[in-house]
S.K.: 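The structure that follows is given in the form of structure tokens.
Below, all heavy atoms of this structure are taken into account, side chains as well, without hydrogens, waters or symmetry copies.
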Amino acid sequence: MSSKPQPSPDPKSDAKAKGDAKKDDAKDDAKKGAETAAAVPPKPKTKFEKMLAHATNSWQAPLLVLGSIGIASAVYYFRSAPPADDFAGALEQAEELIEEGEFKAARVVLFGVVAPNLEKAPPEILPRFHAATADYIAVQLRGVEFPAKETADRLIAAYEQARAAGWALTSQQVKRYTESLVRVGRLQDAITLVSSTGDSREAEELKRRVRRDALMSVLRGNDNGITRAPEAMLTAIDEFRSDPGLPAREEAWAVARAAEIRLSMGRMEDAGNRLLLDLRRLEGATDAGEDVPADAFAELSGLLGEALRRQGRFTEAKREFEHAATLVTKGTAVAGMIDVGLGRTLVALNEIEGAQSVFERAVAAEHQGRLRQEALLGRALTYALRGQSVEALRDFQQLRELLWKSSHPDTIREVETVLIARADSALAAEQPALALSYADLAATIRPNGGSSAEALLRVASAARAEALRVLGEVPA
């Protein structure tokens with residue numbers, strides 16, 4: 001029996017069928033891959049993302065967490081199986097976020113999640129919440145030398161609430177608490193607090209820190225507006241140094257502050273002699289293994305150089321300043337103080353070119369406040385001494401603008417004295433127009449608009465000389 005012949009396969013149809021099969025296989029693979037990816041959630045990268053990833057295991061009640069914080073979008077805390085809300089877990093997350101500097105996220109957890117539910121919390125949660133709130137304020141103050149009093153008061157109140165509720169402060173919290181107590185003038189409370197801590201070594205270290213902060217408040221004039229006589233400040237420094245356990249680096253700081261006060265009192269020889277003795281003792285301490293930073297020795301050598309300079313012992317002063325410059329960290333305020341002192345010493349030794357180079361370096365460092373003004377004054381003077389009048393006048397005019405914004409009386413007097421001397425020198429050199437420019441600057445240097453009699457006299461003398469010069473050039 002014959003069978004019906006089968007048609008031969010069409011090559012085009014066969015290729016099309018194979019292509020469709022491959023596409024179907026690819027779709028199946030993609031689908032499987034998507035299902036696999038969905039089954040394995042991405043690993044959270046930050047602690048806040050981890051907290052969000054485990055949010056369903058945290059709270060019994062649904063709580064909205066604001067998430068527009070650069071880490072996650074709006075998030076809900078959903079109902080979960082455990083019978084009790086995990087307050088401890090939430091506070092632990094908040095504490096970690098605070099230490100990592102994720103303050104917006106920490107604020108959400110503390111005040112958006114925990115605070116509204118405190119009435120449901122176990123008793124031990126309340127003191128921990130207050131302590132975390134204080135930490136939230138304190139960590140944001142890192143690097144802030146003089147925070148607002150209201151901020152310090154809020155931090156103190158939070159730590160006091162935590163202690164009243166039974167919270168035992170950690171050593172770090174004690175440090176933050178005492179620093180704020182000192183800031184608001186509660187020095188005795190700070191001392192009492194650190195004395196009550198269990199670790200005697202930590203207590204002594206904290207006590208010294210509090211005493212140093214209190215001393216700095218006195219030296220800066222921030223001691224609740226109380227004016228302190230220099231002798232009283234020196235007594236306070238001596239009391240600070242009397243601690244037998246005081247580290248050598250802390251003593252070096254105190255020695256520098258005492259030297260500054262003696263120099264401000266005009267006790268140059270006394271300052272220099274004491275610095276020599278203190279430097280020898282501190283060098284001995286480093287030989288015995290104590291840590292005194294090179295910058296501390298640089299500051300003390302610079303202050304010794306300044307004491308010698310003010311005594312007119314310029315060669316010795318130059319040696320001390322140059323030694324200090326080899327120790328100091330470049331660009332710091334101490335480096336600026338050393339440069340200004342060295343530049344002034346070189347001017348006194350008539351090494352004007354070297355002085356100008358030193359003052360150029362000090363100006364380029366862009367120090368702040370009085371140090372910047374002194375560096376600019378030094379460079380202006382060296383320009384004038386080298387006959388570069390245009391550059392000198394430019395610097396003096398810039399200096400006047402700085403002094404109008406902020407100035408120290410001693411700096412005003414020094415600048416005025418230099419300008420009057422330059423006016424006199426220009427008059428002697430028969431340059432009345434230049435003398436008038438210097439005299440005019442001397443008469444307008446004070447921020448309150450007043451002028452000294454000496455400055456006004458130079459203005460009159462220079463103006464008269466310039467008028468006579470102009471009249472002498474007029475043909476008869």
Side-chain angles (χ1 to χ4, degrees), residues 46-48 51 63-72 87-119 121-194 196-197 202-203 205-207 209-214 216-217 220 222-224:
T46 68
K47 283 188 169 58
F48 188 52
M51 179 182 71
L63 297 171
L64 177 63
V65 180
L66 182 61
S68 179
I69 58 176
I71 304 173
F87 285 94
L91 283 176
E92 182 179 353
Q93 290 289 350
E95 290 160 356
E96 291 178 357
L97 289 166
I98 289 167
E99 292 304 321
E100 291 181 352
E102 296 182 17
F103 300 120
K104 290 183 180 179
R107 181 179 181 83
V108 168
V109 178
L110 280 175
F111 307 115
V113 174
V114 179
N117 294 275
L118 277 175
E119 59 185 16
E124 67 271 12
I125 291 299
L126 184 61
R128 184 174 178 181
F129 170 76
H130 288 310
T133 300
D135 289 339
Y136 169 78
I137 300 169
V139 175
Q140 293 180 76
L141 298 180
R142 286 173 178 166
V144 180
E145 190 172 8
F146 299 111
K149 183 178 182 299
E150 311 84 73
T151 305
D153 285 336
R154 284 175 51 223
L155 187 149
I156 290 169
Y159 277 135
E160 288 178 344
Q161 285 179 305
R163 293 182 73 204
W167 181 256
L169 299 180
T170 66
S171 60
Q172 186 62 35
Q173 288 171 337
V174 170
K175 177 179 180 295
R176 294 167 180 167
Y177 186 17
T178 53
E179 286 173 348
S180 292
L181 288 171
V182 170
R183 287 188 188 114
V184 300
R186 292 172 56 181
L187 307 183
Q188 190 54 53
D189 288 343
I191 295 292
T192 301
L193 176 64
V194 295
S196 66
T197 58
E202 180 70 14
E205 183 179 340
L206 287 170
K207 189 181 295 186
R209 189 183 301 124
V210 168
R211 291 173 61 194
R212 173 173 170 162
D213 288 346
M216 274 309 301
S217 295
R220 285 177 174 151
N222 299 329
D223 190 25
N224 293 331

S.K.: Between Glu95 and Ala132, what is the shortest heavy-atom contact and its length?
M.R.: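 Heavy atoms only, the tightest pair is CG-CB, 4.4 Å.
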
S.K.: With rounding to the nearest 0.5 Å, note down the distance linking OG1 in Thr170 to CG in Asp135.
M.R.: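 So the gap between those two atoms works out to 6.5 Å.
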
S.K.: Rounded to the nearest 0.5 Å, how far apart are CD of Glu102 and CD of Glu96?
M.R.: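 These two atoms lie 10.0 Å from each other.
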
S.K.: Looking at CZ of Phe111 and OG1 of Thr133, how far apart are the two atoms once the value is rounded to the nearest 0.5 Å?
M.R.: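 So the gap between those two atoms works out to 4.5 Å.
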
S.K.: Can you find a heavy atom in the side chain of Leu91 that is under 4.5 Å from one in the side chain of Leu110?
M.R.: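 They are in side-chain contact.
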
S.K.: Report yes if some heavy atom in the side chain of Arg128 is under 4.5 Å from a heavy atom in the side chain of Val114; otherwise report no.
M.R.: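 Not touching, per the 4.5 Å side-chain cut-off.
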
S.K.: Rounded to the nearest 0.5 Å, what's the gap from CZ on Arg154 to OH on Tyr136? Could you check?
M.R.: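 Here the interatomic distance stands at 8.0 Å.
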
S.K.: For Phe129, give me all partners under ring pair (Phe, Tyr, Trp, His ring centres under 6.0 Å), at least two apart in sequence or on another chain.
M.R.: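 With neighbours one apart ignored, the set is empty.
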
S.K.: Apply side chain to side chain donor-acceptor pair (under 3.5 Å) to Glu160 and list each qualifying residue two or more places apart in sequence or on a separate chain.
M.R.: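 Listed in chain order: Tyr177, Arg186.
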
S.K.: Which value, rounded to the nearest 0.5 Å, describes the distance between Leu155 atom CG and Arg176 atom CZ?
M.R.: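 Reported to 0.5 Å precision, the distance equals 8.5 Å.
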
S.K.: Is any side-chain heavy atom of Trp167 closer than 4.5 Å to a side-chain heavy atom of Leu126?
M.R.: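 When only atoms from C-beta onward are counted, Leu126 and Trp167 do not touch, as no gap falls below 4.5 Å.
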
S.K.: Show the nearest heavy-atom pair for residues Pro127 and Ala162, with the distance to one decimal.
M.R.: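 Scanning both residues, the minimum pair turns out to be O-CB, 3.5 Å.
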
